[in-house]
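Working notes for the structure below.
Computed from a predicted structure; not experimentally measured.
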Amino acid sequence: MSKMYVLIHQKVRPVENSNQTARSIARQYAFINRLTTKGFNVLWLTEALKLGPETAEAGSYLLPEQYVSSEPDMKKYLTCFLKRYASQYGFKLIEADMPVSCEAIPLRSCKIGVYCGQTERACFVRCWCNVAQLLTVAGFNISLVTDDDIRHGRLCNIDIFIMPGGSSTGKAMAMTPAGGEMLQKYFSHGGKYLGICAGMYLPLGYNQATRPFRLLEHTKLVNYRYEQDRTIPFYTLTGDTVIGNFKADCPVFFHMDPSVLFTFEQGPIFDDTSELDKIAEFIGFGDAKWQMDPKKAKAIMLGRTAIAMKDRQLLLFAGHPENLDHPLNCHMLFNALFYMSGGIQQNFEVANPLWIQPEELDIPAIAQCQLPQLKKLSAVMQNLQYRCLNLQDNPNLWYVVDICDGLSSMEFILEALAEQKNEFGTKRIQALSCAADIKQAEDESILLTKLAEDMFSAVGREDFEECRAIFDRRCHDLATGLFSLKLCPSVMQLYK
């Protein structure tokens with residue numbers, strides 16, 4: 001039976017040097033980012049998984065051997081890498097037998113842009129520098145985005161755009177309305193936005209300067225007074241708040257305590273709104289410098305949104321998760337990026353190995369509808385169908401190669417079944433063959449072409465030529481094999 005590898009976060013205990021604590025946390029995420037960058041499929045568990053005497057809590061990582069690659073060298077590399085380095089990077093490595101069923105998010109590498117404009121004050125530079133340095137240590141693929149980059153439409157080259165703290169009005173003026181138009185275009189085409197403090201103010205479009213950057217139409221600030229076309233701010237505090245009442249099972253809060261101190265520097269405050277999902281709220285206060293009457297400030301803030309999200313496309317922090325005064329909050333920033341960039345959360349059936357050799361199947365027994373062989377064939381086809389449907393959530397070259405190999409095996413099975421028709425009678429195996437002749441398979445090549453285009457897009461331009469070569473070699477196999485997926489419901493029906 002194939003193996004799966006489970007990486008369980010070992011809790012980082014704070015030390016006196018907060019930079020060292022943050023670095024230890026960042027190294028854990030760097031380890032996972034290295035795996036996804038190498039092309040390995042990593043499942044991020046969203047529910048606890050029982051593994052004999054061990055329990056992998058939500059937020060652990062699962063690497064099933066069957067989803068790694070059919071290439072022996074890649075499996076060997078993964079095994080050596082995990083056994084040598086997992087413990088050094090703060091993980092407990094568990095090697096377990098399959099099968100299991102688990103709720104998980106497939107992780108994938110992504111390109112992250114960090115805004116670095118608006119440099120007229122040192123404190124503004126500090127905001128984006130802190131974010132960029134932290135993400136670099138955590139192994140994320142980041143680039144700095146200037147005002148000029150935004151105005152010239154270069155946001156289209158990144159997956160997640162991070163707008164750090166500073167002055168939202170100053171940022172808007174630096175980017176100009178042309179930058180607002182480009183941000184709107186980026187967001188409308190599926191681009192993702194993560195805002196911190198001023199970056200949370202900006203998409204609210206609360207004044208004349210920020211209006212071109214509005215991504216939320218109906219969310220209004222509480223800490224601003226609106227008079228005709230003017231907005232007059234009043235700030236509550238600078239310092240520590242306490243946030244809690246985290247949304248149940250939200251991956252942003254994996255590895256976090258139920259409530260935490262959270263740095264807040266004149267950030268935005270607004271009422272609950274249908275546009276945003278409140279995932280954390282203000283529940284108390286720490287050491288803070290009050291900028292208005294404390295009683296009034298507390299009445300304004302308590303119970304209101306500290307962190308909000310919209311469809312995993314937009315995530316907003318009212319405070320500063322990157323602030324190293326509270327280094328454990330780095331988890332929230334890193335988790336947010338995993339959550340926004342990952343695939344669809346779903347149930348994964350991590351079953352026995354998918355890529356069996358064709359000679360392992362007893363074709364005459366299948367044609368005679370013998371139950372053990374039908375179950376084996378059905379399991380193979382269901383897993384193959386699952387992988388095709390989830391290709392976009394697992395975009396890497398080894399995944400494409402394995403799908404090609406699997407579909408090639410399905411072609412062999414179809415041809416073998418066709419040869420059995422005369423011996424066993426057409427009606428006997430009609431449910432299995434689904435009239436999968438060459439003409440119908442060619443009709444399916446239209447769907448195949450779309451699949452191939454998606455594969456090329458997902459794998460990325462860097463591997464395009466190699467992926468194209470794979471497709472050219474396998475074109476006929478893929479076309480026939482893809483059609484053979486229609487066998488799956490018929491086979492299942494025979495033994496339900």
Side-chain angles (χ1 to χ4, degrees), residues 14 127 163-169 194-207 210 215-227 231-310 314-333 335-336 339:
C127 287
M163 180 60 75
S167 164
S168 56
T169 300
L194 188 151
I196 298 172
C197 194
M200 190 178 197
Y201 275 116
L202 188 69
L204 301 180
Y206 63 94
N207 62 15
T210 61
L215 303 178
L216 299 165
E217 293 295 331
H218 308 295
T219 304
K220 286 197 172 184
L221 291 164
V222 173
N223 60 319
Y224 268 68
R225 192 168 72 252
Y226 296 85
E227 292 183 2
T231 53
I232 303 172
F234 60 90
Y235 298 121
T236 53
L237 67 90
T238 297
D240 287 342
T241 61
V242 181
I243 64 171
N245 292 335
F246 299 145
K247 183 179 180 181
D249 304 322
C250 179
V252 174
F253 306 112
F254 287 162
H255 321 301
M256 297 292 295
D257 292 331
S259 63
V260 294
L261 287 171
F262 189 55
T263 302
F264 185 83
E265 297 180 348
Q266 302 179 349
I269 306 164
F270 51 80
D271 284 321
D272 293 352
T273 169
S274 58
E275 285 187 296
L276 290 169
D277 184 11
K278 178 168 70 174
I279 60 176
E281 64 183 42
F282 296 105
I283 61 172
F285 303 92
D287 185 16
K289 179 180 178 181
W290 298 95
Q291 294 168 293
M292 62 181 295
D293 180 83
K295 289 184 179 179
K296 290 182 179 179
K298 291 177 181 179
I300 290 171
M301 294 185 68
L302 287 175
R304 284 199 162 97
T305 300
I307 308 173
M309 182 172 60
K310 180 180 181 180
L314 183 144
L315 199 146
L316 304 173
F317 291 94
H320 292 266
E322 84 284 6
N323 189 295
L324 296 187
D325 288 341
H326 308 297
L328 295 181
N329 290 350
C330 296
H331 280 301
M332 292 191 290
L333 179 59
N335 287 340
Y339 192 35

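- Of all heavy-atom pairs spanning Phe262 and Ala306, the tightest one is CE2-O, 4.4 Å.
- Taken from CD in Glu217 to CG in Leu204, the straight-line distance is 11.0 Å, to the nearest 0.5 Å.
- Looking only at side-chain heavy atoms (C-beta outward), Met332 and Ile307 come within less than 4.5 Å of each other.
- Under the 4.5 Å side-chain criterion, counting only non-hydrogen atoms from C-beta, Tyr201 is in contact with Leu221.
- One finds the CH2 atom of Trp290 at 5.0 Å from the CG atom of Leu237 (value rounded to the nearest 0.5 Å).
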Inset, instruction - Go through the steps for Lys310 and Leu216 under the test side chain to side chain contact (heavy atoms under 4.5 Å, CB included), then give the verdict. - result: CA-CA 10 Å; Lys310 180 180 181 180; Leu216 299 165; 4.2 Å; yes
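- The minimum heavy-atom distance between Gly286 and Val242, with the atom names listed, is N-CG2, 4.5 Å.
- Rounding to the nearest 0.5 angstrom, the gap separating the CG atom in Leu316 from the CG atom in Leu276 is 6.0 Å.
- Distance CG/Asp287 to CG/Leu261: 9.5 Å, rounded to 0.5 Å.
- Not counting sequence neighbours, the partners of Ser168 by the side chain to side chain donor-acceptor pair (under 3.5 Å) test are Tyr206.
- Thr236 contributes no side-chain N or O that, together with a main-chain N or O of Ala297, makes up a donor-acceptor pair within less than 3.5 Å.
- Proximity of Ser274 to His218: side-chain heavy atoms (C-beta onward) are nowhere separated by under 4.5 Å.
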Legend entry - side chain to side chain contact (heavy atoms under 4.5 Å, CB included) between Val260 and His326, intermediate numbers included: CA-CA 9 Å; Val260 294; His326 308 297; over 6 Å; no
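- In this structure Asn245 satisfies the side chain to side chain donor-acceptor pair (under 3.5 Å) test together with Glu281, sequence neighbours excluded.
- Closest heavy-atom contact between Cys127 and Gly165: CB-O, 3.4 Å.
- Using a 4.5 Å heavy-atom cutoff, the side chains of Leu194 and Phe317 are in contact.
- Between Asn335 and Phe253 there is no side-chain heavy-atom pair separated by less than 4.5 Å.
- Shown here are the side chain to side chain contact (heavy atoms under 4.5 Å, CB included) partners of Asp271, two or more places apart in sequence or in another chain: Val222, Arg304.
- Across every non-hydrogen atom of Thr305 and Phe282, the tightest pair is O-CE1, 3.2 Å.
- Under the rule for a side chain to side chain contact (heavy atoms under 4.5 Å, CB included), the partners of Leu328 that lie at least two apart in sequence or sit in another chain are Pro14, Thr21, Ile25.
- In this view, Asp272 and Lys278 satisfy the side chain to side chain donor-acceptor pair (under 3.5 Å) rule, not counting sequence neighbours.
- To the nearest 0.5 angstrom, Cys250 atom SG is 11.5 Å from Met256 atom CE.
- Take Gln291 and apply the side chain to side chain contact (heavy atoms under 4.5 Å, CB included) test, not counting sequence neighbours, and it matches Tyr235, Thr238, Gln266.
- For the 3.5 Å distance criterion, the side chains of Thr263 and Asp325 fail to qualify, holding no donor opposite an acceptor.
- Considering every non-hydrogen atom in both Leu302 and Ile283, the closest pair reads CD2-C, 3.5 Å.
- Counting all heavy atoms, side chain and backbone alike, Asn223 lies closest to Gly267 at ND2-O, 3.4 Å.
- One finds the CD1 atom of Ile243 at 6.5 Å from the CG atom of Asn329 (value rounded to the nearest 0.5 Å).
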